[in-house]
Amino acid sequence: MIQQYDKYKQEDHAVWKILFERQVENLQDKASSMYIDCIKNMSSVLNAKQIPDFRKLDAFLLAKTGWSIEVVKGLIPVDDFFELLSNKRFPSSTWLRSRAQLDYLEEPDMFHDIFGHVPLLINEEYSDLMHQIGKLSKTRKYDKEFVRIMERFYWFTIEFGLIKEKGQRKIYGAGILSSFGESKSIYSTDVRVKPFSIYEVVNHDFTKSEMQQEYFEVDSIAQIRDDLSYFENMI
């Protein structure tokens with residue numbers, strides 16, 4: 001599959017512009033400095049002017065950390081997802097939400113995949129973490145319990161993780177970074193934020209179809225990478 005760029009309509013580009021500009025402004029005091037730096041460094045190929053061209057994104061990513069984009073129709077099986085990560089290929093859909101869906105979307109679209117996930121792939125430490133998650137999951141892809149555990153680990157880190165920077169709560173999880181509503185709700189008294197615990201995370205269920213009510217906060221990306229030894233020892 002490829003991105004059929006010429007099929008995007010003016011309305012699609014307009015929606016992308018609204019989403020991008022609104023969320024970049026919203027995240028200035030919420031996102032991790034790591035993410036802010038990355039999205040600034042990618043401004044030549046990822047910006048508000050128009051929907052990003054995956055060919056240009058690929059060239060940029062490959063030059064920086066060796067990653068590229070794998071176009072998919074939508075959600076794919078977990079083991080296929082981890083297989084792609086093990087080969088430094090990040091899956092992304094090419095469809096974009098409508099104006100009526102600006103604030104929240106149950107199924108990830110291109111804005112989530114590209115705006116939320118892709119910028120951090122040019123950060124070496126984060127890139128290595130993602131690659132290692134994929135490689136570890138691939139080694140036991142026929143073990144459903146192991147894959148389920150890795151899915152939980154990924155969910156509470158890469159998708160919905162929080163990080164402490166200079167004593168402040170910041171966002172690095174793509175599911176929050178790409179969501180206008182959820183990036184605000186994490187500061188609400190209605191949600192619970194816990195210090196990251198590998199043992200609690202791998203035994204914690206989650207729901208994909210609604211905003212999270214419980215999150216885990218790490219001190220650094222290095223902490224997550226160190227905790228991967230928990231899985232390495234299971235192999």
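Only heavy atoms go into these numbers, but all of them, side chains included; no hydrogens, no water, no symmetry mates. As the structure is a prediction and not an experimental result, all values here were calculated from the model. All residue numbers in this chain count up from 1 along the given sequence.
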Please check if Ile2 and Tyr5 belong to a single hydrophobic cluster, counting links between Ile, Leu, Val, Met, Phe, Trp and Tyr side chain heavy atoms closer than 4.5 Å. no

Looking only at side chains, do Gln223 and Ser220 share a donor and an acceptor under 3.5 Å apart? no

Count the heavy atoms of every other residue, nucleotide or ligand shown that sit under 6.0 Å from CZ of Arg148, and state whether that count exceeds 12. yes

Can you tell me if CD on Gln28 sees more than 12 non-hydrogen neighbours from other groups inside 6.0 Å? yes

In terms of ring plane angle, is the pair His117 and His112 parallel, tilted or perpendicular, where the classes change at 30° and 60°? perpendicular

Side chains of Asp53 and Val45: closer than 4.5 Å at any heavy-atom pair? no

Go through Arg140 and Asp143 one step at a time and tell me if the salt bridge (charged side-chain N to carboxylate O under 4.0 Å, His left out) criterion holds. CA-CA 5 Å; Arg140 296 270 292 276; Asp143 183 338; 2.7 Å; yes

Within the 4.5 Å heavy-atom criterion, are Phe115 and Leu19 side-chain neighbours or not? no

May I ask you to check whether Phe81 and Tyr154 place their ring centres under 6.0 Å from each other? yes

Can the ring centroids of Tyr172 and Tyr35 be said to lie less than 6.0 angstrom from one another? no

Working for salt bridge (charged side-chain N to carboxylate O under 4.0 Å, His left out), residues Arg99 and Glu11: CA-CA 9 Å; Arg99 286 179 187 261; Glu11 171 66 5; 2.6 Å; yes

Write down the atom of Met130, the atom of Ile158, and the distance for their closest heavy-atom approach. SD-CG2, 3.6 Å

Please verify the inter-ring angle class for His131 with Trp67; under 30° counts as parallel, over 60° as perpendicular, anything in between as tilted. perpendicular

Note: Glu107 and Leu75 closest approach over all heavy atoms is OE2-N, 4.0 Å

Pair Asp205 + Arg152: basic N to acidic O under 4.0 Å: yes

When you check the gap from the basic side-chain N to the acidic O, do Arg169 and Glu217 get nearer than 4.0 Å? yes

Stepwise side-chain hydrogen bond (donor to acceptor under 3.5 Å, both in side chains) test for Ser33 and Glu165: CA-CA 8 Å; Ser33 59; Glu165 288 185 354; 3.3 Å; yes

Please confirm whether Phe156 and Phe153 have ring centers closer than 6.0 angstrom. no

So Leu102 and Phe180, do their side chains get closer than 4.5 Å, heavy atoms only? no

Specify the closest pair of heavy atoms between Ile221 and Ile163, including all atoms of both residues, with the distance to one decimal. N-CD1, 4.1 Å

Gln23 side chain near Ser183 side chain, heavy-atom distance below 4.5 Å: yes

Do the side chains of Trp16 and Ile114 get nearer than 4.5 Å, heavy atoms only? yes

Between Glu214 and Lys194, is the salt bridge (charged side-chain N to carboxylate O under 4.0 Å, His left out) condition met? List the steps. CA-CA 8 Å; Glu214 198 161 72; Lys194 298 180 178 180; 3.6 Å; yes

Flag the pair Leu46 / Pro119 as yes when at least one side-chain heavy-atom distance between them is below 4.5 Å, and no otherwise. yes

Do Ser127 and Ile122 have side-chain heavy atoms sitting under 4.5 Å apart? no

Could you report the tightest heavy-atom contact between Asp12 and Lys9, atom names first, then the distance? OD2-N, 2.8 Å

Is the cationic atom of Arg97 (NZ for Lys, CZ for Arg) positioned less than 6.0 Å from the six-membered ring centroid of Phe111 and within 45 degrees of its normal? no

Checking side-chain hydrogen bond (donor to acceptor under 3.5 Å, both in side chains) for the pair Ser98/Gln101: CA distance, chi angles, key distance, verdict? CA-CA 5 Å; Ser98 67; Gln101 300 168 307; 3.3 Å; yes

Just wondering, do Ser44 and Phe60 contact through their side chains at under 4.5 Å, heavy atoms? yes

Looking only at heavy atoms, what is the nearest atom pair of Asn47 and Phe20, with distance? CA-CZ, 3.5 Å

Between Trp95 and Pro108, which heavy-atom pair has the shortest distance, and what is it? CZ2-O, 3.5 Å

More than 12 foreign heavy atoms under 6.0 Å from OH of Tyr199: is that the case here? no

Could you check Asp113 against Ser93 for side-chain hydrogen bond (donor to acceptor under 3.5 Å, both in side chains), going step by step and ending with a plain yes or no? CA-CA 7 Å; Asp113 293 336; Ser93 56; 3.2 Å; yes

